[in-house]
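Remarks on the structure that follows.
By convention here, the first residue in the shown sequence is residue 1.
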Amino acid sequence: MAAEAATLDPTRLIIAAVLGLVILLVLIIKFKIHAMVSILLGALSIGLIAGMPFEDIILAVNDGIGNTLKGIALLVGLGSMFGAILEASGGAQSIAVTLVNKFGDKRAAWALGITGLVIAMPVFFDAGLIILIPLAFSLAKRTKRSSLFYVIPLLAGLAVGHAFIPPTPGPVLVATMLNVELGWVILVGVFCGICSMIVAGPIWGAYCGKKYNIPVPEHVANQEDFDESKLPSFGLIVGIILIPLVLIVFDSVAGVVPALAPVQPIFGFLGEPFVALLIATIVAMFALGTRHGYSLPELEKIMTKSLEPTGLILLVTACGGVLRYMLQYSGLGDVIGNAVSSANLPLVLVAFIVAALVRICVGSATVAMTMAAGIVAAMPGCPRCIWLV
């Protein structure tokens with residue numbers, strides 16, 4: 001049962017919010033305290049300094065954790081297993097090598113940017129970087145160009161795909177917190193993501209590559225190229241990655257197209273994010289797993305190992321949800337909402353500034369999205385308005 005926003009002094013609420021966020025950032029940046037602990041302590045500090053009743057603080061923590069995890073727990077787990085199968089089968093390398101061959105060495109930076117954008121949807125950022133960075137260095141060595149020509153587009157693609165397009169945890173959580181259909185988040189995320197990747201990737205990479213000649217690191221200069229004969233087909237990999245995206249988008253489209261009304265319940269079931277991702281994971285198990293020489297026990301080990309980092313991701317994300325509910329139950333969301341209305345600032349701009357500041361200070365895209373969405377979601381009447389204001 002949700003708590004009503006407490007009637008507290010607005011000035012005290014603002015002071016509490018500022019001090020709570022300062023405590024959070026100081027713990028992370030200065031004292032290197034784990035993000036999960038820092039966010040939780042920051043949220044509790046806001047509640048205590050604001051003078052919230054203890055029972056409301058506890059309720060905010062419980063609601064924040066429960067309501068946040070119920071929307072993404074299955075998706076993070078299934079996404080980790082899906083990405084692990086893709087990684088083990090060589091799917092990421094297949095997309096990269098195919099696109100580089102199609103684009104040629106002169107436009108290879110564009111190929112790497114697109115590859116990063118696609119791969120970051122099912123594969124976590126760090127895993128995608130480890131898999132694909134040898135190819136970027138190989139291209140730099142072959143073309144005798146600065147490694148920045150290829151590394152920056154790859155990083156841009158991975159960062160944008162990880163932050164913009166479900167089923168990665170951040171966009172899914174934002175959609176859940178703001179009550180927006182995931183299909184529309186995918187469509188908007190793809191459009192905005194492509195534009196962002198182009199500017200931050202090939203264009204910025206070309207500028208930096210011409211200005212700074214960064215050679216390939218010596219310890220990777222002699223790495224062997226990928227053996228293309230052992231990689232799965234490009235079409236198969238792209239098809240499997242598109243399964244959850246297409247099903248989720250069809251669900252959203254069927255809800256607004258009258259002609260599809262008779263089959264909407266079917267699309268509603270298949271397009272439920274965890275169902276769509278489960279289907280893609282099962283297809284990947286057989287199309288990329290058993291067909292490429294992996295036994296079911298070997299696949300089980302790969303998928304189990306992929307779940308090791310998910311606990312950290314879920315806990316950090318859940319603590320971000322605690323921050324959102326603390327702001328909401330304290331009444332600070334109303335204060336911020338009224339201030340934004342008085343200043344005539346679009347909610348999109350407020351969300352962007354908050355997310356950018358947190359990303360710069362903390363470094364995690366998921367944490368930045370969680371905190372920004374939490375602050376915006378705590379404002380009165382926000383959930384769908386953010387897409388219109």
**Request:** Could you list the residues that satisfy salt bridge (Lys or Arg N to Asp or Glu O under 4.0 Å) with E55, not counting sequence neighbours?
**Result:** none
**Asked** Quick one: side chain to side chain donor-acceptor pair (under 3.5 Å) pairs with a partner in residues 30-44, sequence neighbours left out?
**Response** none
Counting only pairs under 3.5 Å, give me each side-chain donor-acceptor contact of residues 241-260, with atom names and distances, residues two or more places apart or in other chains.
| from | atom 1 | to | atom 2 | distance (Å) |
| --- | --- | --- | --- | --- |
| S252 | OG | E181 | OE1 | 3.2 |
| S252 | OG | G183 | N | 3.2 |

**Residue pairs involving residues 104-116 (criterion side chain to side chain donor-acceptor pair (under 3.5 Å); sequence neighbours excluded)** = D105-R142
Distance-only criterion, 3.5 Å: show the donor-acceptor pairs between side-chain atoms of residues 200-211 and protein atoms not counting sequence neighbours.
| from | atom 1 | to | atom 2 | distance (Å) |
| --- | --- | --- | --- | --- |
| Y207 | OH | K211 | NZ | 3.4 |

**Residues that S147 engages under side chain to side chain contact (heavy atoms under 4.5 Å, CB included), provided they are two or more places apart** = F137, A140, V151, I214
**Item:** Pairwise side chain to side chain donor-acceptor pair (under 3.5 Å) hits with a residue in residues 271-295, at least two apart
**Value:** S295-E298
**Request:** Would you mind listing every salt bridge (Lys or Arg N to Asp or Glu O under 4.0 Å) that reaches into residues 166-180, with sequence neighbours excluded?
**Result:** none
**Message:** Among residues at least two apart in sequence or on other chains, which ones pass side chain to side chain contact (heavy atoms under 4.5 Å, CB included) with I240?
**Reply:** F82, L236, V283, A284, A287, L288
**Message:** For I194, give me all partners under side chain to side chain contact (heavy atoms under 4.5 Å, CB included), at least two apart in sequence or on another chain.
**Reply:** L117, V190, I198
**Fill in**
Sequence neighbours excluded, the answer for ring pair (Phe, Tyr, Trp, His ring centres under 6.0 Å) partners of Y325 is Y329
**Request:** Over all heavy atoms of both residues, which pair between P166 and V172 is shortest? Give the atoms and the distance, please.
**Result:** CB-CG2, 3.9 Å
**Item:** Counterpart residues, side chain to side chain contact (heavy atoms under 4.5 Å, CB included), relative to L278 (two or more places apart)
**Value:** L78, I282
